[in-house]
Trainee: 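Dumping the structure here so I can ask a few things about it.
Numbered from 1 within each chain, the chains take letters A, B, ... in sequence-line order. Here the structure is a predicted model, which is why all the values come from computation and not from measurement.
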Number of protein chains: 2
Amino acid sequence: MATTNTGAGGPAQLVLTASVARRYYLDGRSKVEIAEEFALSRFKVARLLEDARSSGLVRIEIGHPGTVDVELSARLMEKLGLTHCVVTDTPDDHPASLREHLGVAAAELLSEVITPDDVLGLAWARSVSAMATALQHMAPVPVVQLTGALARPGADDSSIELVRDVARTSGGPAYFFYAPMAVPDAATARALRQQPEVARAFSLIGSVTKAVAGVGAWAPEQSTLFDSTSEAERAELASRGVCAEVSGVLIDIEGNTVPAGLTERMIGITAAQMRAVPEVIGIVYGTGKTLAVLAAVRSGMVNSLVTHSTLAEALIAEAER
Amino acid sequence: MATTNTGAGGPAQLVLTASVARRYYLDGRSKVEIAEEFALSRFKVARLLEDARSSGLVRIEIGHPGTVDVELSARLMEKLGLTHCVVTDTPDDHPASLREHLGVAAAELLSEVITPDDVLGLAWARSVSAMATALQHMAPVPVVQLTGALARPGADDSSIELVRDVARTSGGPAYFFYAPMAVPDAATARALRQQPEVARAFSLIGSVTKAVAGVGAWAPEQSTLFDSTSEAERAELASRGVCAEVSGVLIDIEGNTVPAGLTERMIGITAAQMRAVPEVIGIVYGTGKTLAVLAAVRSGMVNSLVTHSTLAEALIAEAER
DNA sequence: CACGATGGTGCTCATATGAGCGGGGGGTGT
DNA sequence: ACACCCCCCGCTCATATGAGCACCATCGTG
């Protein structure tokens with residue numbers, strides 16, 4: 001260390017290094033050219049540039065003016081091994097505005113990555129609804145409903161219309177059905193799954209290539225499913241390590257599926273089917289969901305994320321622990 | 001086309017580009033490695049990086065925290081074709097503080113570039129004095145006085161001691177003499193040049209390899225020589241195009257030596273001898289000297305500069321005209 | 001003074017990289 | 001529908017580049 005520059009060597013060395021760095025980085029000349037120009041060996045030039053970078057004389061910044069924090073996106077993508085990742089630098093003041101912004105970002109992402117050969121699956125979540133609302137253009141693909149809907153009391157979402165809306169924007173066929181996400185008993189669930197529309201949608205799940213879902217944490221207000229579950233069941237599932245919920249599938253902190261009675265009463269995609277989908281985009285906001293997102297990613301069920309900077313930073317910090 | 005990205009694509013493209021750029025610039029991976037990692041062709045990677053740079057997604061800045069503006073130094077060096085160049089970003093408030101700072105910078109530069117094989121020549125100038133004061137270490141080399149001293153009224157400079165001081169710091173022999181820079185007539189000058197000490201110093205001028213000088217502009221307060229010249233002579237020389245003065249040599253705006261009666265009455269290095277010195281470092285401050293510095297550099301008598309940012313910028317602007 | 005440590009330099013050779021080319025593929029205008 | 005055009009992609013081959021090595025000067029030390 002402590003080679004020559006910056007701390008030692010003197011101003012001439014410093015200026016020479018700066019000149020070389022300027023020629024190389026800003027003017028785009030090759031090292032050989034620079035070597036000839038300055039009457040140095042190309043090795044010397046390479047070493048100067050090396051020094052210039054390591055000493056901080058040359059600073060390289062990545063970023064762009066806009067709502068997408070590309071740098072953070074790239075870091076999060078790398079850290080979690082994601083397929084795609086979009087992090088907005090929206091200030092996380094109000095959940096609704098956050099959801100709206102992420103909806104726009106997710107819509108852009110989706111319309112970018114969807115190709116005419118894809119089959120799109122949508123899980124029910126408010127954030128996915130927000131995306132549907134923001135969606136403006138998309139290749140015509142089949143759109144498949146992956147889970148039953150779960151209306152929350154006083155919901156203003158046109159949630160049931162989600163799949164139809166997206167299909168309309170897309171121009172492709174819609175495979176949707178009217179059913180709740182969870183029903184009181186397994187028999188009812190089985191019966192519902194026999195329903196023609198449900199069966200039709202479910203038969204397509206295996207061919208879904210891209211899906212969009214929300215990620216819930218197993219806590220109040222952090223998961224629609226949690227909120228619509230009985231007190232006893234909540235506690236029991238929590239005690240069995242349930243940490244996150246993705247399209248009705250329960251996951252523990254390690255990313256393992258947690259089998260439960262609840263599962264049999266669900267109308268929706270299974271964990272195995274979910275994992276089989278090549279790309280699942282999770283739209284998530286709120287730092288309270290940090291561990292849940294980590295779990296969802298570890299489970300292999302979610303491999304792309306659309307989120308905001310504070311959660312992204314929390315995820316990176318947590319993943320580094 | 002006008003979505004979010006650099007001009008094409010969507011957020012995924014943007015983030016991919018950012019990831020690639022991060023891996024390349026920040027992590028220093030090769031393009032081939034990146035291509036493998038992202039399952040792209042290396043050409044694609046190269047094109048992404050190309051886009052990232054041209055679109056401004058990747059910003060490269062050169063600079064360092066300190067008093068030396070390396071970026072500006074490099075630019076000025078390139079623009080004027082200098083051998084060395086040090087530009088301090090000292091705010092040019094008061095000439096004395098400026099001189100002091102430049103003295104420090106010049107001292108650092110000199111001690112860096114002087115090797116034991118050099119022979120150092122010093123012209124008389126306050127800025128050179130400032131350098132001498134700031135000088136702390138230097139290879140032991142002979143130090144040669146290049147011009148007579150020119151004390152200005154009420155001078156507090158220990159100017160005559162300049163050569164001796166530097167030689168003392170250096171540890172090498174000092175070749176100095178007590179004589180004024182200009183005398184009333186050519187005969188006196190010739191006689192003075194015969195003086196043993198003067199002759200001894202002058203005999204060494206041919207072997208001087210590095211020299212330090214000030215640069216004066218042919219205007220009041222901009223040149224010691226000007227200030228000690230008669231009104232008539234000032235005007236006459238000005239009318240003959242004299243623009244700058246370096247160690248007693250007069251130069252016009254084109255960089256040509258201006259022959260004058262004054263020249264014959266000078267005790268000091270000649271223009272030809274000056275040009276023969278491989279490296280002459282000029283220490284200059286004050287934007288009023290912009291044209292003078294340009295002339296001095298064009299003349300080939302000065303090929304390194306120690307100056308401050310505003311003058312450096314003025315020089316670049318002027319050189320671009 | 002001899003010694004090894006140290007750091008800086010330029011070399012060789014395998015590899016990475018750039019410039020320019022041709023070949024689709026999809027959108028467009030008639 | 002057809003031809004056309006433009007853009008994007010990956011190839012070839014000459015060149016630039018990096019890793020490691022051997023050499024040399026310098027310097028502190030026994």
Trainee: Given side chains that start at C-beta, do those of B:Val215 and B:Val302 come closer than 4.5 Å, heavy atoms only?
Mentor: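 A side-chain contact under 4.5 Å exists here.
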
Trainee: For B:Glu33, does the CD atom have more than 12 heavy-atom neighbours from other residues, nucleotides or ligands under 6.0 Å away?
Mentor: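 Enclosed.
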
Trainee: Does the side chain of A:Leu120 come within less than 4.5 Å of A:Ile114's, by heavy atoms?
Mentor: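 Contact flag for A:Ile114/A:Leu120 side chains = yes.
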
Trainee: Can you find a pair of side-chain heavy atoms, one from A:Lys210 and one from A:Val113, that are under 4.5 Å apart?
Mentor: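 Yes. Closest side-chain heavy atoms under 4.5 Å.
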
Trainee: If you take any heavy atom closer than 4.0 Å to DNA chain C, which residues from residues 31-45 of chain A end up in contact?
Mentor: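 Output list: A:Ser41, A:Arg42, A:Phe43, A:Lys44.
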
Trainee: Expressed as a whole number of angstroms, how long is the span from B:Leu49:CG to C:dA16:P?
Mentor: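 Computing the B:Leu49:CG to C:dA16:P distance gives 16 Å.
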
Trainee: List the protein contact pattern of nucleotides 21-28 of chain C with one symbol per nucleotide (5' to 3'): B for base contact, S for sugar-phosphate-only contact, - for none; contact means a heavy-atom distance under 4.0 Å.
Mentor: --------

Trainee: State whether the number of non-hydrogen atoms from other residues, nucleotides or ligands found under 6.0 Å of B:His84 atom NE2 is greater than 12.
Mentor: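 Above 12, so yes.
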
Trainee: Rounded to whole Å, how long is the line connecting atom CZ of B:Arg29 with atom C1' of C:dT17?
Mentor: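 Checked: the CZ to C1' distance equals 17 Å.
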
Trainee: Check whether any side-chain heavy atom of B:Arg23 lies under 4.5 Å from a side-chain heavy atom of B:Leu26, and answer yes or no.
Mentor: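 They are not in contact (no side-chain heavy atoms under 4.5 Å apart), so the answer is no.
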
Trainee: Assess whether salt bridge (charged side-chain N to carboxylate O under 4.0 Å, His left out) is satisfied between B:Lys79 and B:Glu320, documenting all intermediate values.
Mentor: CA-CA 8 Å; B:Lys79 184 61 79 180; B:Glu320 274 170 355; 3.3 Å; yes

Trainee: Does any non-hydrogen side-chain atom of B:Gln13 lie less than 4.5 Å from one of A:Glu112?
Mentor: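 Sidechains of B:Gln13 and A:Glu112: in contact.
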
Trainee: Separation of A:Glu50 atom CD from C:dG8 atom C1', in whole Å?
Mentor: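 Atom-to-atom, A:Glu50 to C:dG8, this comes out as 15 Å.
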
